[in-house]
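Here is the structure we will look at, set down as structure tokens.
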2 protein chains.
Amino acid sequence: MNKVKQKRLEAKGWRVGTASTFLGLSPEEASLVEMKVNLGQALRARREAHGLSQLALAKRLRSSQSRVAKMEAADRTVSIDLLLRGLVMLGARPRDIARVLGRGTGAAA
Amino acid sequence: MNKVKQKRLEAKGWRVGTASTFLGLSPEEASLVEMKVNLGQALRARREAHGLSQLALAKRLRSSQSRVAKMEAADRTVSIDLLLRGLVMLGARPRDIARVLGRGTGAAA
DNA sequence: CCACTATATGTCATTAGTGACATAATCGCA
DNA sequence: TGCGATTATGTCACTAATGACATATAGTGG
């Protein structure tokens, strides 16, 4: 797991980083969180590649800046559905999304 | 788009199949529906591979038989989050899910 | 035919996700 | 330094998703 991702998780209280953690987080839950974080990062990357602010993207999504921020941060209150909608709105096709999901953090490996 | 998938979509009123349709369904929405249908099919395949009934899977998911049926049918009322939870619960890893999402129906191609 | 099992479909109360807003950091840039 | 733009975080009313239940529709074996 890379530094950036870990920091992001810890910041949101996912309790991921330091060795003893992952306690209380089943492998299944970990998989889902991992996917969500990857999608959040991909969303940010795409948004920036499009030269859009969070506010600008929010308008396209008929959402709000704060929610976009939470999407990129993989906040507990954002669904994967919403992340996918955001990515698709930024031109991501299913195969692009597939590539993002596949990005291993080395969980099982 | 293959026959089975199309039948499934039409049955649920997604109005997909016959040439003139896809009207009122934006490319973005189509992408999302397509992914959802693929996930539903994958869920059924995995469940059957595990020799589980919908009811048995429902118990593992702490859900109900009816909801599992709706998941596999890609019902409008089921979220992609729920589908992913189901798949992960059946042992699918992110890379497995990625493969499912990537299955093109020829939308953009 | 009936009994049993599995799946499909509709409805509804409870819960979780959402958009919107306020506010606080953060980051140039003059 | 302050100012404008961008991003982060907390809260809340409203909406959509969920589990549960009832019921319907196959299919299977007596």
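The structure displayed is predicted, hence computed values, not measured ones.
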Worksheet item: Could one point to a donor on the side chain of B/Gln54 or the base of C/dA8 with an acceptor on the other under 3.5 Å away?
Response: no
Worksheet, complete the sentence: Nearest heavy-atom contact between A/Ile97 and A/Ala92 is CG1-CB, 4.1 Å
Discussion item. Could you check whether the side chain of A/Lys70 and the base of D/dG10 have a donor-acceptor pair of N or O atoms closer than 3.5 Å, going by distance alone?
Written reply: yes
Item to complete: Give the rounded distance in Å between these two atoms: CG of A/Leu52 and P of D/dT7.
Response: 10 Å
Practice prompt. Indicate yes or no for a side-chain donor-acceptor contact from A/Asp81 to the backbone of B/Ser79 under 3.5 Å, with no hydrogens or angles considered.
Written response: no
Discussion item. C/dG17, OP1 or OP2 - any side-chain N/O from A/Ser79 closer than 4.0 Å?
Written reply: no
Fill in: Rounded distance (Å) that lies between atom P of C/dG17 and atom CG of B/Leu82
11 Å
Practice prompt. Assign each of B/Leu55 and B/Arg67 to its nearest nucleotide of DNA chain C by heavy atoms, then name whichever residue's nucleotide is nearer the 5' end.
Written response: B/Leu55
Practice prompt. Check every strand shown and say whether A/Ser53 touches a base, only sugar-phosphate, or nothing at a heavy-atom separation below 4.0 Å.
Written response: sugar-phosphate
Worksheet item: Taking atom P of C/dT7 as reference, at what distance in whole Å does atom CD of B/Gln41 sit?
Response: 16 Å
Worksheet item: Under 4.0 angstrom, heavy atoms only, what part of the nucleic acid is A/Val78 near: base, sugar-phosphate, or nothing?
Response: sugar-phosphate
Practice prompt. Considering only NZ, NE, NH1 and NH2 on the basic side and carboxylate oxygens on the acidic side, decide whether A/Arg46 and A/Asp96 come within less than 4.0 Å.
Written response: yes
Worksheet item: Backbone N or O of B/Leu83 within a donor-acceptor pair of the B/Lys36 side chain at under 3.5 Å?
Response: no
Worksheet entry | Nearest-Å distance for atom pair NZ/P, residues B/Lys59 and D/dT18 | 21 Å
Fill in: Protein-nucleotide distance (A/Asp81, atom CG; D/dT15, atom C1'), rounded to Å
14 Å
Worksheet, complete the sentence: Note: A/Leu43 and A/Glu72 closest approach over all heavy atoms is CD2-CG, 4.0 Å
Practice prompt. Could you check how far CZ of B/Arg76 sits from P of D/dA16, rounded to whole Å?
Written response: 14 Å
Worksheet, complete the sentence: Per nearest nucleotide of DNA chain C, the residue lying toward the 5' end, A/Gln65 or B/Arg47, is B/Arg47
Discussion item. With a 4.0 Å limit, can you tell me whether A/Ser63 has a side-chain N or O closer than that to the phosphate oxygens OP1/OP2 of C/dT18?
Written reply: no
Worksheet item: B/Lys36 NZ to D/dA16 C1': how many Å, rounded?
Response: 11 Å
Worksheet item: Rounded to the nearest Å, what distance is computed from the CG atom of residue B/Leu83 to the C1' atom of nucleotide D/dT18?
Response: 13 Å
Worksheet item: Closest to the A/Ser64 side chain: C/dT18, C/dA20, D/dT18?
Response: C/dA20
Discussion item. Regarding D/dC21, can its base be found pairing with the side chain of B/Ser66 as donor and acceptor, where the two atoms are less than 3.5 Å apart?
Written reply: yes
